[in-house]
Amino acid sequence: MSDHFQEQLQALRAQSLHRKLREIGTAQGPEVQIVGQQLANFSSNDYLGLANDPMLREAAAAAIAEFGVGAGASRLVSGTQSPHVRLEAALAKWKGTQAALTFSSGYAAAVGTIPALVGKEDVVILDKLCHASLIDGAKLSGAALRVFPHNHFGKLESHLEWARRERPDARVLIVTESVFSMDGDRAPLRALVGLKRRFSALLLLDEAHAVGVIGANGRGLAAEENLTRAVDVHMGTLSKALGVSGGYICGSHSLIEWLVNRARSFIFSTAPPPAFAAAAMAAVEFLRSEAGEQRRLLLWDRIELLREAYPEISPPIVMPLPNGSAIHLLQVGDEQASVDLSRSLQVEGFLVPAIRYPTVAKGAARLRITVTAAHTEAQIRQLAEALQRLRPAAAVAA
Ligand SMILES: *Cc1c(COP(=O)(O)O)cnc(C)c1O
């Protein structure tokens, strides 16, 4: 048995696709310590620097003092503790929806929600670059799956025509992201909404990398484009810009009540610790405040600084369409070259992960650089300078 795994691991190494965990002995933040080395951290999704914020720490500590650590059981079994109820009310208010439901992770939100919405008679249509959690949720639902090339609405339209022709009574669910996690570009939401309306489809929008970053008070792309009502299912995570852990779905009262009754990852899993809910609630309240909005605008200053200092970075800004996010890439292509470049950056004091198959397609390896509001201007300038110097000839910004 173990020999079998050894062989498979050896095959991964031969393809430069082997992955290893790296121990960090510090809190997440703009600097982390990895095996004794201090590194400027351009790898995390803690876009607003909240993961180690005193406000969130205090909210969690106060909730631990009052509610303890564990939640005891699933929320349907041992009761829903108040921090979860308060967090869901705050999320719904912030997102501008009737109701909200939280899950133990964004992954759990996806794999619990999609199969609750569609079944084997139905159709799910996904963008090719959708996150693994959305793909897994779609597969688990048993619905017919159709994938359209990234942001290619001609192909989406033909899938919708196929669905309406072949399965006239089916429920059709379109699944996409507002900011794509490994490419950093956005979905043209207005065009998507036009299509979903024409074909009476449902739309699930995963705002994992948009909340806290895009839209007034970080409400996300749907809010920024004034399309909150047009999106049937708003998904997001509490683990990225909100700095904590957990996932959420926002939508109508009936959707949320349905999920409480049908989402298996919600029903058959112990509730997250109440302290996480209290910390996430502090994050939502911060985002809704003037100070939170200032932090978000500071993040955009830092994003613009990196783009000025290193313009070759992708995705390119296509004006006048507003686009961009806190996620940037340096396209490398070759898996080994991307790992080598990441290592050279680490020697110089920067933590910038190489992203490889199966997270992205084979031969599409890249460095993924995330900017946060907590980075100093000097850190960003130094990174840009190191990228200029170390970028191998093969690396081209797309
Ligand atoms: C990170 C991520 C998730 C999963 O969220 P977790 O809270 O980390 O489980 C879902 N969708 C997208 C697009 C993500 O980037």
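When a ligand or atom number is given, it counts from 1 through the structure's own listing order. Note that these values count all heavy atoms, side chains included, but never hydrogens, waters or copies made by symmetry.
Relative orientation of the F350 and F42 rings is tilted, given thresholds of 30° and 60° on the angle between their planes.
For S104, the side-chain contact (heavy atoms from CB on, under 4.5 Å) partners are A108, S269, P272, not counting sequence neighbours.
R167 CZ: more than 12 foreign heavy atoms inside a 6.0 Å radius. With a 6.0 Å radius and a threshold of 12 heavy atoms from other residues, nucleotides or ligands, E166 has its CD atom above the threshold.
Of the possible polar contacts, none joining the R75 side chain to the Q81 backbone as a donor-acceptor pair under 3.5 Å is found.
For ligand 1, residues of the protein lying within 4.0 angstrom by heavy-atom distance are S105, G106, Y107, H131, S133, E177, S181, D206, A208, H209, M235, T237, S239, K240, G246.
Here E88 contributes atom CD and C250 contributes atom SG; the two are 9.0 Å apart, rounded to the nearest 0.5 Å.
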